[in-house]
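Notes to accompany the following structure.
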2 protein chains.
Amino acid sequence: MSEGLKKARARFVSTWGEMASQWGINKTMARVHALLMASDAALSVDEIMAALSISRGNASMNLRALADWGLVRRVSVGSERREYFQSEKDVWNMCCRIARERKKREIEPVIGALEECLREAGDGKESAAFRKRTAELLELVRTLDFVLGKLAQQEKNAVMPRVLTLLKAMS
Amino acid sequence: MSEGLKKARARFVSTWGEMASQWGINKTMARVHALLMASDAALSVDEIMAALSISRGNASMNLRALADWGLVRRVSVGSERREYFQSEKDVWNMCCRIARERKKREIEPVIGALEECLREAGDGKESAAFRKRTAELLELVRTLDFVLGKLAQQEKNAVMPRVLTLLKAMS
DNA sequence: CCATACTTTCAATATATTCTGAAAGTATAA
DNA sequence: TTATACTTTCAGAATATATTGAAAGTATGG
């Protein structure tokens, strides 16, 4: 493989890792994901361990997490016993899966907690300002939830191109 | 203050803190922000320290960071020497500021890095698949950048309501 | 200018998160 | 059933991140 391509892959992997850690996702998990995205063939655990200099346990746990997110799947190669891994290659699908998981794991619980705040605050005069602000925030988070829900409907991904067209037209 | 309102405020602060740490933002910074959002009056550093049980240094650093993000501002109260802090109270403005900062700090550098990956990969046949995937990802990240850019134009915040209307109509 | 009242900084410390590696677990082929 | 070839788990170690608190810095009024 050319030196340039090697360097480009390495940069790709570390960029993805850095970005992930800024968004609350484990850096190694993102590097494994990036490695598989950058690689055409499916990779074995041993290849992943070697490429990223990580332990077997670390690789195993992060591959499981990526599989839970629906970003990576196990594949069998020929008659080999060993398992291989490959990433979802369609970038739009990948984006939908991430949106769906973050919505479910992070946004929905926040909506529940904000609703509980409103309930707890009661309806007295002294809490009016707090209730107003909480309600506005709740509406915003519900909007985000709604938008992520749309994104996550990958079978209807015609929606997003239309939204982008509208946004662009409004410059 | 009623027990219910106290509990509601505490839940609000801790919910915001938890959410923030899932999105790569310092938990204490988010708790300070939530405390100020939940509070009508501006608060002094000492009040914030007491409310969240944090040190003066920690409060000072997180207030500075919140000011850098444009989420909190210093205010003078009467003729007092002491500084007070209050949060941006408009939820839409708050959202715009967060969008603007994350775009600038996190998305734009990733776009640069992905462009560099493409350059480095060269134009040989062996890197064709890598280039294709990187280019798709770059397009996706540019789209996110574009959407955040739109969001951040708070003077044109009529844009988002129209997008939401479109999305809802397409259910 | 000094005393005072406050704020900021940063090295040391504490806490939280991630990683390792060896032991336990599991599936397969013979 | 057993040997083999792999995978998973998790307690302890390593690392990264956040926090403290005291010293240094700064602005104000007199």
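In what follows, chains are A, B, ... by sequence order, proteins preceding strands, each numbered from 1. Bear in mind that the values here come from a model prediction, so they are computed numbers and not experimental data.
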| query | If every non-hydrogen atom of B:Asn26 is compared with every non-hydrogen atom of B:Ala20, which pair is closest and at what distance? | reply |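 Closest approach of B:Asn26 to B:Ala20: O-CB, 4.4 Å.
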| request: Looking only at non-hydrogen atoms, find the nearest pair between B:Lys89 and B:Met37 and report the distance. | output: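 Closest approach of B:Lys89 to B:Met37, heavy atoms only: CE-O, 4.0 Å.
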| said: With salt bridge (Lys or Arg N to Asp or Glu O under 4.0 Å) as the criterion, how do A:Arg82 and A:Glu47 come out once you've worked through the C-alpha distance, each side chain's angles and the decisive distance to 0.1 Å? | reply: CA-CA 12 Å; A:Arg82 180 195 305 249; A:Glu47 287 166 324; over 6 Å; no
| message | To the nearest 0.5 Å, what is the distance between CE on B:Met29 and CE on B:Met61? | response |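 Atom-to-atom, B:Met29:CE and B:Met61:CE are 12.5 Å apart.
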| field | Trace of the salt bridge (Lys or Arg N to Asp or Glu O under 4.0 Å) decision for B:Glu136 with B:Arg133 | value | CA-CA 5 Å; B:Glu136 286 169 359; B:Arg133 218 154 298 132; 5.5 Å; no
Could you give the [atom1]-to-[atom2] distance, from [X] to [N], as a whole number of Å?
X: A:Asn58; N: C:dT17; atom1: CG; atom2: P; result: 16 Å
X: A:Met49; N: C:dC19; atom1: CE; atom2: P; result: 14 Å
X: A:Arg31; N: C:dC19; atom1: CZ; atom2: C1'; result: 11 Å

| said: The test is side-chain contact (heavy atoms from CB on, under 4.5 Å); show your working for A:Trp69 and A:Glu88 and say whether it passes. | reply: CA-CA 11 Å; A:Trp69 278 67; A:Glu88 167 67 57; over 6 Å; no
| request: Name the first nucleotide and the last nucleotide along DNA chain D (5' to 3') that come under 4.0 Å of a heavy atom in chain B. | output: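 Under 4.0 Å from chain B, the extent on DNA chain D is D:dA18 to D:dT28.
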| request: Using atom types as modelled and distance alone, determine if a side-chain donor or acceptor of B:Ser127 lies under 3.5 Å from a backbone N or O of B:Asp123. | output: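 Such a contact is absent between B:Ser127 side chain and B:Asp123 backbone.
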| message | Looking at B:Arg64, I'd like to know whether one of its side-chain N or O atoms comes within less than 4.0 Å of OP1 or OP2 on C:dT9. | response |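 Checking B:Arg64 against C:dT9: at least one side-chain N or O falls below 4.0 Å of OP1 or OP2.
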| query | Out of curiosity, does A:Ile111 fall in the hydrophobic cluster containing A:Leu151 (side-chain heavy atoms, cut-off under 4.5 Å, transitive links)? | reply |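 Yes; A:Ile111 is reachable from A:Leu151 via cluster members.
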| request: Hey, which sits more toward the 5' end of DNA chain D by its nearest nucleotide, A:Met61 or A:Tyr84? | output: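 Taking each residue's closest nucleotide, the earlier one in sequence belongs to A:Tyr84.
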| salt bridge (Lys or Arg N to Asp or Glu O under 4.0 Å) between B:Lys6 and B:Glu3, worked out | CA-CA 5 Å; B:Lys6 255 188 225 159; B:Glu3 275 312 304; 3.5 Å; yes
| A:Arg81 or A:Ile54: which one's nearest nucleotide on DNA chain C is closer to the 5' end? |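 By nearest-heavy-atom nucleotide position, the 5'-most residue is A:Ile54.
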| task | With DNA chain C as reference, determine whether B:Glu83 or A:Asn62 sits nearer its 5' end, using the nearest nucleotide of each. | result |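 So the residue in question is B:Glu83.
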| task | Classify the nucleic acid contact of A:Ser53 as base, sugar-phosphate or nothing, counting any heavy atom under 4.0 Å across all strands shown. | result |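 Sugar-phosphate contact only.
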| request: Kindly state which residues belonging to residues 9-30 of chain B come within less than 4.0 angstrom of DNA chain D, counting heavy atoms of the residue only, listed by number. | output: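 Those residues are B:Asn26, B:Thr28.
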